[in-house]
A.B. asks: 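Questions regarding the structure given below will be posed in turn.
Quick caveat, the model's predicted, so the values are computed rather than measured.
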Amino acid sequence: MPFIVLGILILLAGFAVRAIPAVSRFSRTGIMIGVGFILLGFLTSAFVTIEAGQIGVKKLFGKVQRDVLPSGLHVVNPLYEIERMDVRTQNYTMSGVQDEGKQVGDDAIRVL
C-alpha cells in the first residue's frame with residue numbers, strides 16, 4: 001500500500017509541474033515513475049502467503065468475505081485485507097493448581 005500512495009503523490013506532482021515552464025520537461029518522467037510505483041504497489045499487495053497451521057480471512061472495507069484462504073501462496077484482490085488466524089490444536093489449562101476438585105491428574109483440555 002505504501003507504494004500505491006507514493007505513486008499517486010508522484011503522479012500528482014508530475015501533472016502539477018506541467019504548468020511550470022522551467023521544469024515542464026520532467027513532467028512526463030514524473031508521470032511514468034508515478035504509474036510505475038502504482039503498478040508495483042498493486043503487484044506486491046496481490047500476492048499473499050499463508051503459513052502452515054493458519055488460515056487467511058479476507059476483509060473488504062470491513063466486511064468479512066465467506067471464503068477463507070488455506071495455507072500456501074495466493075493471488076488476491078489488492079484491496080483485500082488478510083487477517084491470519086491460527087487453527088492449530090492448543091492446550092488450555094483450566095486451573096493453575098494441580099489436582100484441584102474431584103479430577104485427579106492433568107486438568108488441561110485440548111481445543112481447536
Side-chain angles (χ1 to χ4, degrees):
M1 192 61 119
F3 285 125
I4 296 172
V5 173
L6 182 62
I8 290 172
L9 291 175
I10 294 172
L11 188 68
L12 292 175
F15 282 120
V17 299
R18 278 188 165 176
I20 305 169
V23 291
S24 65
R25 60 187 170 147
F26 298 115
S27 69
R28 184 177 176 131
T29 305
I31 292 171
M32 298 283 277
I33 291 172
V35 169
F37 269 102
I38 291 171
L39 289 175
L40 180 67
F42 274 114
L43 287 176
T44 57
S45 61
F47 293 98
V48 175
T49 303
I50 306 297
E51 300 296 327
Q54 293 181 339
I55 60 169
V57 178
K58 297 188 284 187
K59 294 190 296 185
L60 183 62
F61 302 119
K63 183 178 180 196
V64 176
Q65 305 298 310
R66 289 183 137 322
D67 54 335
V68 296
L69 301 173
S71 61
L73 179 67
H74 301 278
V75 179
V76 296
N77 183 348
L79 298 178
Y80 279 143
E81 180 182 339
I82 307 299
E83 185 77 26
R84 290 168 177 82
M85 303 185 85
D86 194 12
V87 291
R88 291 177 281 193
T89 302
Q90 298 177 358
N91 283 333
Y92 175 73
T93 304
M94 295 174 49
S95 69
V97 179
Q98 187 75 7
D99 299 331
E100 183 179 69
K102 294 180 182 179
Q103 181 178 352
V104 177
D106 189 15
D107 290 340
I109 59 173
R110 297 180 65 77
V111 296
L112 285 177

A.B. asks: Provide the closest heavy-atom pair for Ser27 versus Gly14 in the form atom of the first, atom of the second, distance.
C.D. replies: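 Nearest pair, atom of Ser27 first, then Gly14: CB-O, 3.2 Å.
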A.B. asks: If two hydrophobic side chains count as joined below 4.5 Å and joins carry through other members, does Leu79 share a cluster with Leu40?
C.D. replies: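 In one cluster: no.
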A.B. asks: Grouping I, L, V, M, F, W and Y whenever their side-chain heavy atoms are under 4.5 Å apart, do Ile82 and Val68 come out in a common cluster?
C.D. replies: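 No.
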A.B. asks: Applying the 4.5 Å side-chain criterion to the ILVMFWY set and letting contacts propagate, would Val75 and Tyr80 be lumped into a single cluster?
C.D. replies: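 Cluster IDs for Val75 and Tyr80 differ.
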A.B. asks: Minimum heavy-atom separation for Pro21 and Ser24, please, with both atom names.
C.D. replies: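 So the two residues come closest at O-OG, 3.4 Å.
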A.B. asks: Just wondering, do Ile31 and Leu11 contact through their side chains at under 4.5 Å, heavy atoms?
C.D. replies: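 Yes, their side chains come closer than 4.5 Å.
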A.B. asks: What are the two closest non-hydrogen atoms of Ala52 and Ser71, and how far apart are they?
C.D. replies: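 For Ala52 and Ser71, the tightest heavy-atom pair comes out as CA-CB, 4.0 Å.
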A.B. asks: Could you state the interatomic distance from CG (Leu69) to NZ (Lys58), rounded to the nearest 0.5 Å?
C.D. replies: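 Answer for the CG-NZ pair, Leu69 versus Lys58, is 5.0 Å.
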A.B. asks: Once rounded to the nearest 0.5 Å, what's the spacing between atom CD of Gln54 and atom CD of Glu83?
C.D. replies: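 Separation between the atoms: 10.5 Å.
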A.B. asks: For Arg84, is the CZ atom crowded, meaning more than 12 foreign heavy atoms sit under 6.0 Å from it?
C.D. replies: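 Yes - once you tally the heavy atoms of other residues, nucleotides and ligands closer than 6.0 Å, there are more than 12.
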A.B. asks: Say whether Leu12 and Phe37 are linked into one hydrophobic cluster, either directly or through other cluster members, by side-chain heavy-atom distances under 4.5 angstrom.
C.D. replies: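 Different clusters.
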A.B. asks: Rounded to the nearest 0.5 Å, how far does CG of Leu6 lie from CD1 of Ile33?
C.D. replies: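 Rounded to the nearest 0.5 Å, the CD1-CG separation comes to 10.0 Å.
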A.B. asks: Measuring from atom CG of Leu39 to atom CD1 of Ile4, what distance do you get when rounded to the nearest 0.5 angstrom?
C.D. replies: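 If we round to the nearest 0.5 Å, Leu39:CG and Ile4:CD1 are 9.5 Å apart.
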A.B. asks: Say you draw a straight line from CZ of Phe42 to CG of Asn77; how long is it, rounded to the nearest 0.5 Å?
C.D. replies: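 So the CZ of Phe42 and the CG of Asn77 are separated by 8.5 Å.
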A.B. asks: Linking I/L/V/M/F/W/Y whenever their side-chain heavy atoms sit closer than 4.5 Å, directly or via other members, would Ile20 and Ile10 fall into one cluster?
C.D. replies: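 As far as the 4.5 Å side-chain criterion goes, Ile10 and Ile20 are not connected within one cluster.
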A.B. asks: If I take atom CG from residue Leu9 and atom CD1 from residue Ile38, how far apart are they, to the nearest 0.5 angstrom?
C.D. replies: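 The CD1 atom of Ile38 is 9.5 Å from CG of Leu9, to the nearest 0.5 Å.
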